[in-house]
Amino acid sequence: MSKKHMLYSIIAGVIILVAYIAYFHGSGQSYNAGFIVYICLFLIAGQGWNLLGGYIGEVSFGHAVFFGIGAYTIALPTGYGLNIPMPLLIILSMVTSGLFAWAISYPLLRIKGMNFLIGTFGLGIIFLNAFTSSQLLFASQGTFLPFVQPSVLYPVIIGITIAVVIFVSVLVKSSTGLSFKAVRDVPEAAQMIGINLYRTKTKALVIGAMITGLAGAMYALYSMHITPSATFDTSISNDILLGSYIGGCGTVLGPVIGGTILIIIQEAARSTITVTGGHNLVLGIILVLVMMTMKQGIWSAIRTGIDKICGKLSSVKKQRR
Amino acid sequence: MQQPILELQNLGMRFGGLELFSGINISVSKGEILGIIGTNGSGKTTLFNIICGIYKPAEGQVIYHGKDITGLPPYKIARQGIGRCFQMVVPFESMTPKENIRVARANAGRYGKGIELSVEEIMELTNLTDKQDITTNNLALPDKKNVEIARALACNPEVILFDEVSCGLSGEEIGERMKLMKQLAKKGITIIVIEHIMMFIKEICDRVVVLHAGELIAQGTPQEIIQNPKVIDAYLGGRKL
Amino acid sequence: MSMVSFLQTLLGGIGTGTVYALLGLSCSLILGKLQICSVVHGDLAILAGYICYQVFSAWGIDPFITLVILIPIFFGLGYFIQKVFMKPFMKLETWKGRYEGQVMVSWGIGMCIMAMEYILFSGKDKTLNVSYRNATVSLGDLSIPVVHIIAFILTIGLLIAIELLLKKTSLGIKIQACSADATTARLTGIPVNKMCAVAFGISSSLAAVAGLIFSLSNALSPSDGFDLTFLGWVAVILGTMGNLKGAVIAGFLMGIIHALTIYFWIPNMAEATIYIVLIIILIFRPNGLFGREISKRRQAA
């Protein structure tokens, strides 16, 4: 990414942040202001997933593990009554997620494809079951967090989301990001230009886990009460993953668009179909429709659409000449 | 004689119980273009895979710059300056040619002690200058092959292995590749080519080795090889060229 | 711990394992043989369970009679899903869009099925209370539930039937050809898409059988479907891709692990233990328990 693009995206980010703060204070901290933040949590986690799932091409069904570890790192010290400053805890939750990812990368990245998918799903189940049955970790009733003023927390979360999106878009344009893509495209050839496959995948996994862990930490602060079923459940992994797929994985803006659409639809369906679990019907139909009509996701479809229109415009211009 | 840059000593390979070849001795010196010919299934590509570290040989060593590199993982071998073009064209399709070069530069290129060409030079050599910002999967086959050559060059290699570059190309395009290889050799890059087209071999190679039925049956200049009765018998089925 | 209770646990495990074995068989047929990746099977199984439940509680018809009617219906359903939803992705390479697309689409279908179950039957657990649900047969000191015996016989019978179908009939040989190389099969005049659809149909019918057996020994809940699919996949992978016998044996093994965990350790960790074992086995044998060498194609995938 060139310096000019970088500058533009930072300016855009600042504008969004300022606009949100204005809206937040203008609307008197309404439900919507909180909802926007809720969406942002999944956007951050989606970016983390996308590094491994979209750019390396190893589909993980268990990113809730990193989400949950991030959330618990921030919640456990408070649960035990320790007094550690919040910013330190946030950094700590990223570090623990990253360290955990690094520790499991040895077994996990030696399996790939279908096995990886099921292995990560299994990891999610293992953590869910372990956290639910362990009294030391407050079992299924979970633990509470101190209250953080929304007027501070919400803009921070929005700011982090923007920072993560900019960071990921810089990363994927850098030579590290290009190595990720190389590993996805042709692993054999990637080796022959001196890429250490295992090391590169570990890098993507650890960075992704740190980002997802950060999302988890923010979620813990946002909801003020965490339980295993709210952090480690497969439905969290699914929301992280589905957003990226609907939007188009392997792009920076895909998970952003997809995640936003997914969470909005989910909540809308939840409020219209009041039967427990009934909202899945809408979600399922959307998923089938999106995947059947645009295999690469919404963002890719939009991009090809724009390209087509631009192509037509330029051909019109040529004809006029 | 010059110190050889790459040496295969007494190399043997088997898959399961099946012996592919044994006792292969080949040495290449700097700036040389070596051709490898042989019938299909005689183990030419396997030989490349052994040099690159994808397979571990059953016996023997690969010596590069006097050091034993047998059994090193492929990425380490690539970092020491051995580049490769595959038989099936496999550029990184989701990237532009420029990015293909950049990613190779950033990985093996950082370590390669070989001949360093600037990005512009590589583009120039491989005719990609005006296509450098088009995503590779939109390019035609010859251009994809060029991207692959460019990628190998960006690793700052001393040795490049070409696996049937002429496959699927027209006569004129093959001519371009021959010109390119000669230019590279002049810059001091050692080239090993696997080829089926005799014209190609005759034109560019300094030396040719012939693999047949698990043995190295002949080596010498292209002229000698063509006249070698053993080669004619084994490879050309008795026909005269 | 006495020998008897240990044996009792083992037998119970095999009984639970029949569900995994049947789901494994059903997934192995499409995922292992034809490289069609679908997460809909668990939901299909649960759907079959719910239909049996509904028919039984409304008219008192025995679920096994319902099953006889359900098998062709589910075959048709599977055929339809493959033809309409999975086929567009079949031209793509396995990890370059095919699996991803198929997982997402089948997941969408699964979600719809699950939501329908939620709407029609509510999220509360439903139990299929047939008269023989709690009946047991005594064998010395051991007592074996009748349901488990039926399930075991059904599983082995279906495995043999599918193996025979694949090896002896021309339909089976055509499916095998598609499994070996779809392009070549197409060139030899085998209607690959039709064969895939037939295989998907058969595997959906198998899922229906698994669903009935599941509902005879567990309480039904719509959200079980997703987990069941993954347990079926675990059986496929543990038993090596494409190895039907392997998948069935792995299914039984999973059942035994499940039962032993409940007996010896925390009951809550039963499902997790299966995955722990899976990950450990995959590190040492990336190809599953019964695989010898990694074939080139799979390695590339």
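Protein chains get the first letters and strands the later ones, always in sequence-line order, with residue 1 at the start of each.
The part of B/Ile82 that comes within reach of chain A is its backbone (N, CA, C, O), which places non-hydrogen atoms under 4.5 angstrom from that chain. Heavy-atom distances place no part of B/Pro73 under 4.5 Å from chain A, backbone and side chain included.
Closest approach of A/Met192 to B/Pro74, counting heavy atoms only: SD-CB, 4.2 Å. Across every non-hydrogen atom of A/Ser175 and B/Ala106, the tightest pair is CB-CB, 3.3 Å. Closest of all the heavy-atom pairs between B/Arg102 and A/Lys173 is NH2-O, 2.7 Å. A/Val186 and B/Pro91 make their closest contact through CG2-O, 3.6 Å (heavy atoms, listed as atom of the first residue, atom of the second, distance).
Residues B/Met95 and A/Leu178 have side chains in contact (heavy-atom distance under 4.5 Å, counting atoms from C-beta outward). Taking 4.5 Å as the limit, every side-chain heavy atom of B/Tyr75 sits out of range of all side-chain heavy atoms of A/Arg199.
Each of A/Ile195, A/Ile193, A/Asn196 was evaluated against B/Arg79; a single residue qualifies, A/Asn196, per the side chain to side chain contact (heavy atoms under 4.5 Å, CB included) test.
Rounded to the nearest 0.5 angstrom, B/Thr136 OG1 and A/Asp185 CG are separated by 8.5 Å. One finds the CD atom of B/Glu93 at 13.0 Å from the NZ atom of A/Lys181 (value rounded to the nearest 0.5 Å).
Take B/Gln183 and apply the side-chain contact (heavy atoms from CB on, under 4.5 Å) test, not counting sequence neighbours, and it matches B/Leu125, B/Leu180.
Ranked by heavy-atom pairs under 4.5 Å with chain A, the first of B/Glu148, B/Glu99, B/Arg105 is B/Glu99.
Heavy atoms from other residues, nucleotides or ligands lying under 6.0 Å from NZ of B/Lys76 number 12 at most.
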